[in-house]
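Report on the structure given below.
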2 protein chains.
Amino acid sequence: MKRPTMADIARRAGVTKAAVSFALNGRPGVSDPTRRRILAIADELGWQPNSAARALSDGRAGAFGLVVDRPARMLGLEPFFMQLISGIQAELSADGTPLLFTVAEDQRAEIATYRSWWAQRRVDGVFLVDVQLEDARVPVLEELGMPTVVIGAPVGTGRLPAAWSDDAAAAGTALRHLAALGHRRVGRVCGPAHLRHTEIRSAAVARLAPELGMECATVATDYSADEGAAAARTLLTRPDPPTAILFDSDLTAVSGLTAAQAMGLRVPEDVSVVGWGDSALCELVHPPLTALSRDVAAHGGHAARMLRAAAGGARVADLEDEAARLVLRGSTGPAPVTAAAGAAAGAAAGGGTQGANAPGPGQRQTVAEL
Amino acid sequence: MKRPTMADIARRAGVTKAAVSFALNGRPGVSDPTRRRILAIADELGWQPNSAARALSDGRAGAFGLVVDRPARMLGLEPFFMQLISGIQAELSADGTPLLFTVAEDQRAEIATYRSWWAQRRVDGVFLVDVQLEDARVPVLEELGMPTVVIGAPVGTGRLPAAWSDDAAAAGTALRHLAALGHRRVGRVCGPAHLRHTEIRSAAVARLAPELGMECATVATDYSADEGAAAARTLLTRPDPPTAILFDSDLTAVSGLTAAQAMGLRVPEDVSVVGWGDSALCELVHPPLTALSRDVAAHGGHAARMLRAAAGGARVADLEDEAARLVLRGSTGPAPVTAAAGAAAGAAAGGGTQGANAPGPGQRQTVAEL
DNA sequence: CCGCACCGCTGAACCGGTTTTGCCCTCCCG
DNA sequence: CGGGAGGGCAAAACCGGTTCAGCGGTGCGG
């Protein structure tokens, strides 16, 4: 009934704890018959090492941590984190390392959690998500000497290793897709400006749009459904409304798509919609969302590998996973034909759509290659 | 730089570890001046107890656990869990107890996790969610003697205490709302039949619908968006389609609502939709979803309190939180007027809607009170 | 035949807390 | 003024692992 200890095993095997320890950890110091006898007894007793004793002895906690400080109500709809946790766990469960997970109210609370976990030796390291432009957590983690793997681009993350994928490239993929469909005025609904990945995507769009002959208007949101819808309405009621909108999340995309339809616009005939992040939400709406997709779970697994190595004392290099790919569904289509650019766009999209919408200026450029 | 231990404090204070322990834990055995001196030094050094040492010494892990075995892709869209975790944490953070969280592939893996956590003394107890009809986890947890708080109705949960709310009452609230609007044929899209709460809700509906003069057709799903939409289509293409559908989750409700609209039906003029669970998803669609809502975070906090008490050795009684209430939004309205029951329904709803839909048999009953 | 290396194991220290025991000193009371 | 009570602290044991020094016995080489 009571959980057996190594002393119990030692007694039954007629050896000392030391011999048992050697045997159970597969290290030399005991003969093969003795080892087998000890292992058999341990197995029979259902022995498992007391994690506290082991942690105390070898000075490692045997656990990693993840703190998220977005509001719970929004988090609940963020498929990213569950997939990430799932991927992390799949990797960590290989050696039975558990994950401490918590949601913090704000960044101060998050930092307090790190300090506390580290001081109490609750964890051997943490995953850092939602990196910000001037991120106060980075210097704290560096000062603590706490093994950390950043999940996000290695920009402004000091010496902390990062697992990331190229958001700029992904943005390019989406923009080129829209350009090929003849879109020249696009809108973008991004997340909070203080997030690093928002800045990276914005910079990429600002650089690429002109190259593709597009102009792009951006509206920032807090990633909530409300603001996503509002942003869509803002963009679509401009004097020169965009013919396509790129959203930085799938929740805002779904919300924005719904808002557009409520305005009487048809998707994709009147306006195309692209989401960033490919969850079940995308298939929830009609038409289903064209979206940038990546294997978040695998990404989490890679990050977990890195953190395990870092906690083991290794110097870990940044790891770049492949950039998100565009999954084509029904929410993107040829740009509505305007008086000026209609022919070109229709031809490029391989199947023109009738029905003009919002004339506006419209730059005339040849359709970008791919 | 290195984390200070009690021995460090003892040395600087010129006392022994024992005195330091008494002082820091606020128990008698040291004089007041000495206590203050020790506390000051501890504070200056930024001392925090090594959790492993404390766990080893007093035999408790100082952590609780939560395992979920739904597929990650679906979990990501289940706002329930994030809110639950958030609420649990808010309560647990009062004494700095962390939460071990993981997603398991299936129930076997979940049980293995419990056994492992318990054998290794990783946790002092766990929260049990998604209770099933014949739940293999219950006997295991009882046999292990692992403190557990069930989050769900105390049915088939053995001696494990439960934190729950009355789903039968909530189902009644929803049905009465629909009855008052004149609906006589309703559909229900529920979750997996092996879940206890599905059965409870189904039983409640089966009992209440006749009392309210309604007939109810039920379709089961796995809670995915796909199956939610398919279920809606199945119900709405019957020869006698329902005039209102009650969904067991908000994700399937949103998905079903969208599917209905894609079939050309108007919501709520042609068909009313009620969701179960009130997340941001409800406001994502047009019209926004009428839904059963409860304070999940508070519920999680209560469960955490119970688990803390149970792990402390107390016998804990079941706790019933208040039942979900119906948040009225735009997705429910008067039943479409049929040849037979039209007048009654229209009058009851206080504002009849024109446009008949699917005649069908339609029971004629006076409108239920409330 | 002696010395040395190595094997297989024991005994003990150690990690950093908590808890028990016991000593010394003061204070109070008869 | 002697004795008992009790406060304040030291010393040590304990939780359950890991690790290191050491010890007897065997085999091998010189």
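Not measured: the values here are computed from a predicted model. The chains referred to below are lettered A, B, ... by the order of the sequence lines, with proteins before strands, and numbering in each begins at 1.
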key: Aromatic ring pairing F101(B)/F101(A), orientation class (parallel under 30°, perpendicular over 60°, tilted between)   = tilted
Min and max contacting nt of DNA chain C in 5' to 3' order, chain B heavy atoms within under 4.0 angstrom, are dG16(C) to dT20(C)
Applied to residues 13-34 of chain A, the salt bridge (charged side-chain N to carboxylate O under 4.0 Å, His left out) test, sequence neighbours excluded, yields D32(A)-R36(A)
Partner of L128(A) under side-chain contact (heavy atoms from CB on, under 4.5 Å), picked from V67(A), L141(A), I151(A), is L141(A)
Can you confirm whether E142(A) is buried at CD, in the sense that more than 12 heavy atoms of other residues, nucleotides or ligands lie under 6.0 Å from that atom? yes
Contact check, residues 4-30 of chain A vs DNA chain C, heavy-atom distance under 4.0 Å, returns G14(A), V15(A), T16(A), A18(A), A19(A), G29(A), V30(A)
| task | Please confirm whether R3(B) makes a cation-pi placement over W47(B), using NZ or CZ under 6.0 Å from the six-membered ring centre and within 45° of the ring normal. | result | no
Terminal axes of the helix from dC1(C)-dG30(D) to dG30(C)-dC1(D) (5 end pairs apiece), angle rounded to 10 degrees, sit apart by 60°
In whole angstroms, the gap separating P of dG17(D) from CG of N50(B) amounts to 16 Å
Applied to residues 49-59 of chain A, the side-chain hydrogen bond (donor to acceptor under 3.5 Å, both in side chains) test, sequence neighbours excluded, yields none
Is it true that, when you exclude R37(A) itself, more than 12 heavy atoms of the residues, nucleotides or ligands shown sit nearer than 6.0 Å to its CZ?
yes
Verdict with supporting geometry, R137(A) and E110(A), salt bridge (charged side-chain N to carboxylate O under 4.0 Å, His left out)
CA-CA 8 Å; R137(A) 300 169 298 174; E110(A) 183 179 342; 2.7 Å; yes
Ordered by number, residues from residues 51-59 of chain A within less than 4.0 Å of DNA chain C (heavy atoms) are L56(A), S57(A)
Heavy-atom nearest pair, W117(B) first then P98(A), reads NE1-CB, 4.1 Å
Checking R196(B) against D135(B) for the salt bridge (charged side-chain N to carboxylate O under 4.0 Å, His left out) test, could you report, in this order, the C-alpha distance in whole Å, the side-chain angles of both residues, the deciding distance, and whether it holds? CA-CA 9 Å; R196(B) 174 65 66 181; D135(B) 202 311; over 6 Å; no
Open item on the list: Any carboxylate oxygen within less than 4.0 angstrom of a Lys/Arg side-chain nitrogen, looking at D95(A) and R308(A)?
Closed with: yes
Regarding S116(B) and T113(B), do their side chains bring together a donor and an acceptor under 3.5 Å, going by distance alone?
no
